[in-house]
Each structure stands twice: as C-alpha cells, then as structure tokens.
Amino acid sequence: MTASESKVTIHMVSSLDGFIAKKDGDVSWFETADHYEHGLKEESAEEFLKIIDCFVMGSRTYEHALELSRTFGWVYGDIPSFVLSHRILPIDRKNIEIYSGDLNNLVNNRLKPNYKNIWLVGGAILAKDFLLLKLADDIRLSILPVILGDGTQFLDHIGQHQVLHLKDVTAYKSGMVELWYEVKKE
Ligand SMILES: NC(=O)c1ccc[n+]([C@@H]2O[C@H](COP(=O)([O-])OP(=O)(O)OC[C@H]3O[C@@H](n4cnc5c(N)ncnc54)[C@H](OP(=O)(O)O)[C@@H]3O)[C@@H](O)[C@H]2O)c1
C-alpha cells in the first residue's frame with residue numbers, strides 16, 4: 001500500500017446546533033426516539049468497524065471513552081488506536097498507543113504508510129488541528145435530530161476558510177443524517 005492510497009476521515013456525531021458533547025458528558029442524546037420512514041437501517045457496530053484500519057483520538061476523547069467503557073464496553077474494538085497526549089494515561093489494551101508531538105509526522109510517517117482507512121474520532125480540538133494542518137481528507141458528520149443548546153462545539157471559530165466537496169448524504173431511520181465531505185486541498 002502506498003501512502004497516497006491511505007485516507008484520513010474525521011468522523012463526528014453532532015446535534016443540529018453543532019455540539020458534539022454536553023458539558024456534563026451525558027451521551028444519552030446519541031440514542032434518538034425519532035423515526036424517519038424513508039431512512040436506511042443503521043449498520044451494526046461490528047459492520048461499521050470492518051471498514052476502519054486505525055483510530056486516532058485526543059486524550060479527552062480517550063478518557064471519556066474509557067469512562068463509558070465501564071458501562072458499555074470499549075467501542076473501538078481491537079483496531080489499532082493512537083491517542084494524542086502529553087501525559088501518561090492509563091492503558092489496558094494492547095492495541096492502544098500514546099503519541100505526543102508533531103501531527104504531520106504522525107500522519108505521514110506513522111499512519112499513512114501502514115493503514116488505509118484512518119478515522120479521527122474526536123474530539124473538537126484534534127479535529128480542528130487536523131483541518132488547519134490539511135491532514136484530513138474527508139469529513140463524515142452525523143447530525144442527530146436534537147438541539148443541545150450548549151456544550152463542546154465542532155469547528156468552533158476554526159479561523160480558516162475551507163472549501164468542501166459533498167460526496168454523499170444518507171438519512172437513517174433514527175432521524176440521523178450523515179453528510180460526507182471531501183476536504184479540498186487547493
Ligand atoms: N460527538 C462525537 O462524535 C464526539 C467524538 C469524540 C469526542 N467527543 C467528545 O468531545 C470531548 C473531547 O473533545 P475535546 O475537543 O475537548 O478534546 P480532544 O480533541 O479529545 O483532546 C484534546 C487533547 O489531546 C491532546 N493532544 C492534542 N494534540 C496533541 C499533540 N499533537 N500531541 C500530544 N497531545 C495532543 C491534548 O491533551 P493532553 O493534555 O493529554 O496533552 C489535548 O488537550 C469529550 O466530551 C468527548 O466525549 C464527541
């Protein structure tokens with residue numbers, strides 16, 4: 001595999017008003033009671049994980065996922081996962097590696113030569129850095145049928161104009177709409 005065949009996708013779940021997390025960390029809004037008759041049935045978590053070769057996440061996303069794993073299990077499976085942190089974090093799985101430092105080096109020297117479908121799964125800080133450094137190829141934004149009103153915002157004041165190409169739109173039975181964009185590089 002050459003590095004050019006490899007792709008970095010930012011995947012984020014958001015409310016209609018652009019929030020990816022509530023201030024109190026509550027994730028119950030991920031479950032919707034909505035029903036959209038013409039929508040597709042969501043893939044199972046197992047099917048979804050099959051298309052991903054590697055995960056990348058910021059330390060705050062990792063710490064929240066670790067906390068949730070005590071109730072719901074570890075959602076990222078056995079797929080190699082790189083956690084960005086300047087700190088020493090608790091790691092209890094062999095497939096998790098901590099990385100600290102230059103993001104260009106991580107993507108172009110560590111990830112792209114080794115993994116084809118690289119998914120950056122948050123949070124807002126890391127996603128913004130990837131976009132500012134032009135390290136993201138695609139964005140897949142899943143918008144849930146809810147307005148949260150407050151919390152952590154996706155792409156809050158990113159401070160850079162970025163043109164996108166809409167690749168696909170999918171509506172699901174749960175009322176979730178996925179917008180799939182390519183990040184234009186010129
Ligand atoms: N709705 C969704 O789809 C979704 C997805 C993911 C996360 N979330 C939510 O978003 C929140 C977390 O997002 P966030 O924006 O606050 O934080 P984040 O992006 O998850 O993590 C940011 C942290 O990563 C570390 N980091 C970033 N770049 C680094 C680098 N180059 N080298 C070393 N460390 C680096 C730093 O932590 P250190 O202090 O450890 O160095 C930084 O504070 C959580 O509430 C989570 O649940 C929601």
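Basis for what follows: all heavy atoms, side chains included, without hydrogens, waters or symmetry-related copies. These numbers come from a predicted model, not from an experiment. Along the sequence shown, residues are numbered consecutively beginning with 1. Order of appearance sets the numbers: ligands from 1, and atoms from 1 within every ligand.
R140 and E178 are joined by a salt bridge, as a carboxylate oxygen and a charged side-chain nitrogen come within less than 4.0 angstrom of each other.
Atom 28 (N) of ligand 1 has its nearest heavy-atom neighbour, among I98, L141, L126, in L126. Which of L133, L106, L84, N104 comes nearest to atom 25 (C) of ligand 1 through a heavy atom is settled by distance: it is L84.
Counting protein heavy atoms only, atom 39 (O) of ligand 1 is closest to R87 NE, 3.3 Å. Protein heavy atom in closest approach to atom 33 (C) of ligand 1: H86 CE1, 3.3 Å. Ranking protein heavy atoms by distance to atom 2 (C) of ligand 1, first place goes to V13 O, 3.4 Å. Closest to atom 5 (C) of ligand 1, if we only count protein heavy atoms, is V121 O, 3.2 Å. Atom 37 (O) of ligand 1 has as its closest protein heavy atom S59 OG, 2.9 Å. Scanning the protein for heavy atoms near atom 31 (N) of ligand 1, the closest one is G101 O, 2.8 Å. Looking at atom 43 (O) of ligand 1, its nearest protein heavy atom turns out to be R60 NE, 3.9 Å. In terms of protein heavy atoms, atom 9 (C) of ligand 1 is closest to A21 CB, 3.7 Å.
Between I125 and ligand 1, at least one N/O pair is under 3.5 Å apart. For ligand 1, none of its N or O atoms has an N or O atom of L103 under 3.5 Å away. Remark: ligand 1 and H64 share an N or O pair separated by less than 3.5 Å (distance only, no angle test). Backbone and side-chain nitrogen or oxygen atoms of I20 are examined, and one is located within less than 3.5 angstrom of a nitrogen or oxygen of ligand 1. The distance criterion of under 3.5 Å between nitrogen or oxygen atoms is not met by W29 with respect to ligand 1. On a distance-only criterion, S85 and ligand 1 share at least one N/O pair closer than 3.5 Å.
Using a 4.5 Å heavy-atom threshold, the side chains of V146 and T32 count as separate. The side-chain heavy atoms of L89 and E63, taken from C-beta on, include a pair separated by under 4.5 Å. Considering only heavy atoms from C-beta on, V8 stays 4.5 Å or farther from L111 through its side chain. L179 places a side-chain heavy atom less than 4.5 Å from the side chain of I143. Between D150 and K23, the closest side-chain pair of non-hydrogen atoms falls below 4.5 Å. Using a 4.5 Å heavy-atom cutoff, the side chains of I139 and V183 are in contact.
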| query | Can E42 and E47 be said to form a side-chain contact (heavy atoms from CB on, under 4.5 Å), step by step? | reply | CA-CA 10 Å; E42 258 100 356; E47 283 300 311; over 6 Å; no
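Under 4.0 Å from ligand 1, not a single heavy atom of F130 appears. Residue contacts with ligand 1, taken as heavy atom pairs separated by less than 4.0 Å, do not involve D102 at all.
Ring geometry for F48 against W119 counts as perpendicular: the plane angle is over 60°, on a 0 to 90° scale with 30° as the lower cut.
Shown in contact with A124 at under 4.0 Å from a heavy atom are these atoms of ligand 1, numbered in order with element: 13 (O), 14 (P), 15 (O), 19 (O). Listed by atom number, the atoms of ligand 1 under 4.0 Å from S100 heavy atoms are 32 (N), 33 (C). Short contacts between ligand 1 and G122, defined as distances under 4.0 Å to a heavy atom of the residue, involve ligand atoms 6 (C), 20 (O). Using a 4.0 Å cut-off to heavy atoms of G58, the atoms of ligand 1 that qualify are 18 (P), 20 (O), 21 (O), 24 (O).
Within 6.0 Å of atom CG in L166, more than 12 heavy atoms from other residues, nucleotides or ligands are found, so the atom counts as buried in its surroundings. Residue-environment remark: NE2 (H157) stays at or below the threshold of 12 foreign heavy atoms within 6.0 Å.
Applying the salt bridge (charged side-chain N to carboxylate O under 4.0 Å, His left out) test between D137 and each of K167, K184, K185 identifies K185 as the sole match.
Distances from ligand 1 to the non-hydrogen atoms of F30 include at least one value under 4.0 Å. The shortest heavy-atom distance from M57 to ligand 1 is not under 4.0 Å.
The six-membered or imidazole ring of F82 lies away from that of Y99, with a centre-to-centre distance of 6.0 Å or more. A centroid separation of 6.0 Å or more is found between the aromatic rings of H64 and Y62.
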